[in-house]
**Student:** 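Before I ask anything, here is the structure I am working with.
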Amino acid sequence: MERLEMERIEKEKWRQLEAKDLERRNEELEELYLLEGCFPEAEKLKQENRLLSQWKHYIECDGSPDPSVAQEINTFISLWKEETNETFEEVIAKSKLVLYLIEKLKSILLETPPYDLQDKNITQYQESILELQELLHLKFNIATEILLRHASTLADLDSGNMEKVIQDENVTLYVWANLKKNPRYRSVRFSETKTRFELPRILATSDIALRLLHTHYDHVTPPFPVRGLLREPTSTESHFAEGEVNVVETVIPEDFEEEHKQQENESISVHEEEIKVEEQVDTEVRMSSAQEESKATKCDLEMKLLSETVSADDEVDTCQFTMLGGVYHLDILELPPQCKPVKGWMIMEILKEGLQKYIYPPGTTEDFETENAFPPVEVMLEVHENVIFFENPMVARWDAEGRHWKTDGISNVSYKSGERLITFSLETFGPLTLIQDTHINMPYQSWELRPLDVNKVLLTVITVFTEIQIQIKEDLCMLASIKLNNKKHPSVLEGKWMNPISFIIALKEAGLNIFPTGHSHFYVVINHKVPLVEMKACRQMALLSSAFAFGWSRWNAHCDSQKVVLKVMEHLAKEEPIQNPDWTLLMFSGDRAQRLKIDEYSEMFSEALKEETEFHSTLYHMVKDFASKEAMEKIRSAKCQFINSVCHMLLSIRLLSYS
């Protein structure tokens with residue numbers, strides 16, 4: 001009887017708390033709605049900055065085209081096509097502007113909200129990007145031909161062959177011309193570099209040139225993939241970095257989109273929003289079995305479509321692997337006719353067909369006696385110093401016919417991480433790249449978000465291989481530090497402030513990928529959370545981040561997908577790490593927040609409410625119960641751009657589902 005009486009009392013207390021929560025629900029949602037007005041305000045400021053940037057470019061009149069204006073970019077392309085006889089150094093100098101224009105167009109596609117971009121503009125920008133990339137590579141080929149015509153005048157005195165290296169921040173060119181055709185000179189080593197090739201005898205005696213053009217960017221992988229029915233939704237205020245242009249792919253589920261649409265309509269009442277949220281929750285409860293069936297069907301369809309995009313075992317799945325360190329364009333070329341001095345003039349034969357590739361091995365081998373007449377070429381390449389490989393990289397070659405990367409025709413791969421050298425045997429020539437598992441740092445082991453100063457926070461993400469620290473201030477992000485094997489690892493990105501989208505791109509290109517895509521759940525075992533719940537939690541964490549620290553909780557994996565559990569504590573000390581942390585555990589379901597009775601070291605998970613605490617409709621009001629006056633003042637004074645940037649990073653990294 002006593003036990004039943006205690007249960008009755010507990011149920012009565014619970015009922016009273018629920019009633020009190022429901023009574024003040026409208027008031028709390030009203031206040032949260034006003035606070036979340038910072039997100040559309042931040043979008044408005046972004047739009048103003050985009051317009052200001054266009055105006056500044058217009059009044060500068062520096063001669064460079066505006067890539068968003070079709071007439072200007074088309075004129076630039078046409079005029080450059082007309083320029084002839086450019087040396088390699090001149091093309092490299094011009095390439096800086098071309099690469100800037102390409103990146104500018106990509107930024108417009110990524111950063112401009114969908115409602116500000118028309119379909120015709122998207123098509124125009126994509127076509128301009130492809131045309132600039134193709135023209136740049138054509139110019140490099142023409143400049144290589146011009147250089148090779150003068151190979152005899154640049155020959156090395158010892159070997160009699162021509163060897164040249166041209167280095168730049170974006171491109172490195174290695175050229176070797178076989179002028180003497182001496183079978184004893186089969187080892188090609190470029191001075192002051194560790195790049196080398198071991199040629200078969202048949203190549204060492206042929207009239208050829210060897211060119212390695214290492215572009216530190218990737219203009220080979222198709223930048224605008226279309227994957228059938230696998231649509232990748234976008235959002236502007238949820239601030240997932242939209243997946244695309246070859247570099248960044250972060251998806252916003254449809255639930256996030258729906259929430260954004262509600263937030264974007266500033267005239268909607270809080271009561272209407274509350275009804276919609278409640279209706280959605282009720283629908284989820286009533287139709288959970290139907291939804292699970294629908295999700296399973298959708299998952300099966302996505303898996304089928306993904307498997308269809310990779311038709312062969314040796315084809316690289318670009319959803320599973322990332323190309324890093326740029327592209328190595330390795331070609332054997334037919335040596336063009338050399339210029340000859342005649343009576344003070346230089347006579348030069350120019351072939352109409354231009355630079356020609358030497359086919360190795362040839363299409364037909366009937367005239368050759370042995371099967372091993374065309375052995376593989378031994379290659380040693382230097383790995384780009386700004387890229388981190390957590391495991392030995394794989395080598396892939398570009399299949400121009402199938403338009404995808406493949407791993408066949410490459411053997412005996414060996415990687416020396418200390419010297420950053422990779423060696424392998426290559427059967428056929430063409431573009432090469434190094435690949436790494438996209439999800440090598442997922443799922444995360446833990447994370448922490450803590451304030452450093454006014455409008456400035458530090459986000460730490462710990463994975464199996466590394467610890468990444470990211471600083472966020474106002475509308476900018478910066479890589480603060482990287483640790484490998486508990487030792488600090490230097491990076492060129494450290495200390496460089498960038499907007500969130502550019503920052504995500506830069507981290508991915510450096511091999512520091514902690515940004516899941518819409519397909520990542522097929523490759524990573526995740527702690528799935530309902531997207532709407534995750535988005536609401538991240539938004540409210542961002543609102544509180546100027547005065548409160550948040551952290552990973554092991555109990556987040558023990559609650560169901562409609563709830564998240566995280567650690568929180570007030571932290572007002574500037575630029576100081578958390579000393580003797582006194583964490584509070586909060587559980588949030590999207591429409592209800594509560595403090596948990598358990599702590600991080602409890603033996604079992606329990607949703608029991610902490611004594612003398614209440615329910616609230618938002619994380620914000622739950623934290624407000626135990627926040628100091630100073631902390632609440634800091635929260636209210638935070639800038640909208642800062643809150644927006646923190647939210648962007650939290651949603652892009654998906655801390656609550658991928659840790």
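Position 1 is the first residue of the sequence; numbering continues from there.
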**Student:** Please check if the number of heavy atoms outside K96 that lie under 6.0 Å from its NZ is greater than 12.
**Tutor:**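 Yes, the 6.0 Å shell around NZ holds more than 12 heavy atoms from other groups.
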**Student:** Say whether, by atom type as modelled, one donor and one acceptor occur between the side chain of H621 and the main chain of S617 under 3.5 angstrom.
**Tutor:**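 Not at all, since once roles are kept as given, no pair shorter than 3.5 Å links the two residues.
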**Student:** Apply side chain to side chain contact (heavy atoms under 4.5 Å, CB included) to residues R25 and D591 and explain how you reach the verdict.
**Tutor:** CA-CA 9 Å; R25 180 176 175 78; D591 61 346; 3.6 Å; yes
**Student:** Quick check against the 3.5 Å criterion: does N455 have a side-chain atom that pairs as donor or acceptor with the backbone of E474?
**Tutor:**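 Judged by distance alone, no pair lies under 3.5 Å.
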**Student:** Looking at K529 and D560, would you say the former's side chain and the latter's main chain have a donor-acceptor pair under 3.5 Å?
**Tutor:**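 It does hold such a pair.
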**Student:** Any idea which heavy atoms bring V492 and N386 closest together, and the distance?
**Tutor:**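 In terms of heavy atoms, the two residues are closest at CG1-OD1, 3.2 Å.
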**Student:** Any luck finding a side-chain donor-acceptor pair between S645 and H648 under 3.5 Å?
**Tutor:**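 No.
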**Student:** On a heavy-atom basis, which atom in L543 and which in L35 lie closest, and how many Å separate them?
**Tutor:**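 Minimum heavy-atom separation between L543 and L35: CD2-O, 3.9 Å.
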**Student:** Going by heavy atoms in the side chains, are L493 and L507 under 4.5 Å from each other?
**Tutor:**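 When only atoms from C-beta onward are counted, L507 and L493 do touch, with a gap below 4.5 Å.
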**Student:** Could you tell me which non-hydrogen atom of L479 sits nearest to which non-hydrogen atom of S491, and how far apart they are?
**Tutor:**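 In this case the closest contact between L479 and S491 is CD2-OG, 3.8 Å.
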**Student:** Report the residue from F390, Y444, F389 that forms a ring pair (Phe, Tyr, Trp, His ring centres under 6.0 Å) with F465.
**Tutor:**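 Between F465 and the candidates, ring pair (Phe, Tyr, Trp, His ring centres under 6.0 Å) is satisfied uniquely by F390.
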**Student:** Atom CD of residue position E48 - does it have more than 12 heavy atoms of other residues, nucleotides or ligands inside 6.0 Å?
**Tutor:**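 Atom CD in E48 is crowded, with more than 12 foreign heavy atoms closer than 6.0 Å.
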**Student:** State, yes or no, whether a side-chain contact exists between M535 and L651 at a heavy-atom distance under 4.5 Å.
**Tutor:**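 The answer is yes, as the side chains (C-beta and beyond) meet within the 4.5 Å cut-off.
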**Student:** Report the C-alpha separation of E614 and R24 in whole Å, then their side-chain angles, then the decisive distance to 0.1 Å, and conclude whether the salt bridge (Lys or Arg N to Asp or Glu O under 4.0 Å) test is met.
**Tutor:** CA-CA 12 Å; E614 301 176 346; R24 63 189 175 200; 2.9 Å; yes
**Student:** Does D582 have more than 12 heavy atoms from other residues, nucleotides or ligands lying within 6.0 Å of its CG?
**Tutor:**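 No - once you tally the heavy atoms of other residues, nucleotides and ligands closer than 6.0 Å, there are 12 at most.
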**Student:** Will you find, in the side chains of N499 and S502, an N or O donor that is under 3.5 Å from an N or O acceptor?
**Tutor:**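 Per modelled atom types, N499 and S502 side chains form a pair under 3.5 Å.
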**Student:** So K508 and T322, side chain to side chain contact (heavy atoms under 4.5 Å, CB included) or not? Walk me through it.
**Tutor:** CA-CA 9 Å; K508 281 192 166 188; T322 300; 5.9 Å; no
**Student:** Main chain of L656, side chain of S659: is a donor-acceptor contact present, judged purely on distance under 3.5 Å?
**Tutor:**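 Not at all, since once roles are kept as given, no pair shorter than 3.5 Å links the two residues.
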**Student:** SG of C559 to CZ of F605: how many Å apart, nearest 0.5 Å?
**Tutor:**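 Rounded to the nearest 0.5 Å, the SG-CZ separation comes to 5.0 Å.
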**Student:** If I compare all heavy atoms of A537 with all of V564, which pair ends up nearest, and what's the gap?
**Tutor:**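 What the structure gives for the nearest pair is CB-CG2, 4.1 Å.
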**Student:** Does any non-hydrogen side-chain atom of L585 lie less than 4.5 Å from one of K567?
**Tutor:**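 Counting from C-beta outward, K567 and L585 do come under 4.5 Å.
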**Student:** Just checking, is any N or O donor in the side chain of H528 or S657 under 3.5 Å from an acceptor N or O on the other one?
**Tutor:**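 Side-chain D/A pair, H528 to S657: absent.
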**Student:** Considering all heavy atoms of both residues, which atom of S553 and which atom of L566 are nearest to each other, and what is their separation?
**Tutor:**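 Residues S553 and L566, closest heavy atoms: CB-CA, 4.1 Å.
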**Student:** Given the side-chain rings of H216 and H384, with only the six-membered ring counted for Trp, is the space between their centroids under 6.0 Å?
**Tutor:**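 Between H216 and H384, the centre distance is under 6.0 Å.
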**Student:** Report yes if some heavy atom in the side chain of F626 is under 4.5 Å from a heavy atom in the side chain of E570; otherwise report no.
**Tutor:**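 They are not in side-chain contact.
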**Student:** Report the distance from atom CG of L449 to atom CG of L655, rounding to the nearest 0.5 Å.
**Tutor:**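 It comes to 8.5 Å.
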**Student:** If you draw a 6.0 Å radius around NZ in K104, do more than 12 non-hydrogen atoms from other residues or ligands fall strictly inside?
**Tutor:**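 Incorrect, the count does not exceed 12.
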**Student:** Taking side chain as C-beta onward, heavy atoms only, is V457 less than 4.5 Å from V646?
**Tutor:**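 A side-chain contact exists here, since the closest heavy-atom pair is under 4.5 Å.
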**Student:** Are the side chains of E28 and M622 in contact, using a 4.5 Å heavy-atom criterion?
**Tutor:**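 Heavy-atom side-chain distance check fails, nothing below 4.5 Å.
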**Student:** Regarding Q320 and D437, do their side chains bring together a donor and an acceptor under 3.5 Å, going by distance alone?
**Tutor:**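 Short answer, no.
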**Student:** For a salt bridge (Lys or Arg N to Asp or Glu O under 4.0 Å) check, start with the C-alpha distance between K563 and E607, then their side-chain angles and the critical distance, and finish with the verdict.
**Tutor:** CA-CA 11 Å; K563 298 171 184 174; E607 295 187 7; 3.0 Å; yes
**Student:** If you count the non-hydrogen atoms of other residues, nucleotides and ligands that lie under 6.0 Å from CD in E27, is the total more than 12?
**Tutor:**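 Not more than 12 within 6.0 Å, no.
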**Student:** Please check this pair: side chain of Q540 against backbone of Y620, looking for a donor-acceptor N/O pair closer than 3.5 Å.
**Tutor:**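 Yes; judged by distance alone, with no hydrogens or angles, the pair exists.
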**Student:** Do D475 and K46 sit within salt-bridge range, that is, some charged N less than 4.0 Å from a carboxylate O?
**Tutor:**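 No, no charged N to carboxylate O under 4.0 Å.
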**Student:** Can you confirm whether the side chains of T517 and S520 place a donor and an acceptor under 3.5 Å from each other?
**Tutor:**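 Short answer, yes.
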**Student:** When you check the side-chain N and O atoms of S481 and Q469, is any donor under 3.5 Å from an acceptor?
**Tutor:**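 Indeed, the side chains of S481 and Q469 share at least one donor-acceptor pair under 3.5 Å.
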**Student:** Once the angle between the rings of H519 and F522 is folded into 0 to 90°, is it parallel (under 30°), tilted (30 to 60°) or perpendicular (over 60°)?
**Tutor:**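 Taking F522 first and then H519, their aromatic rings lie parallel (interplane angle under 30°).
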**Student:** Restricting to non-hydrogen atoms, name the atom on A480 and the atom on E494 that form the minimum distance, rounded to 0.1 Å.
**Tutor:**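 Taking every non-hydrogen atom into account, O-OE1, 3.6 Å.
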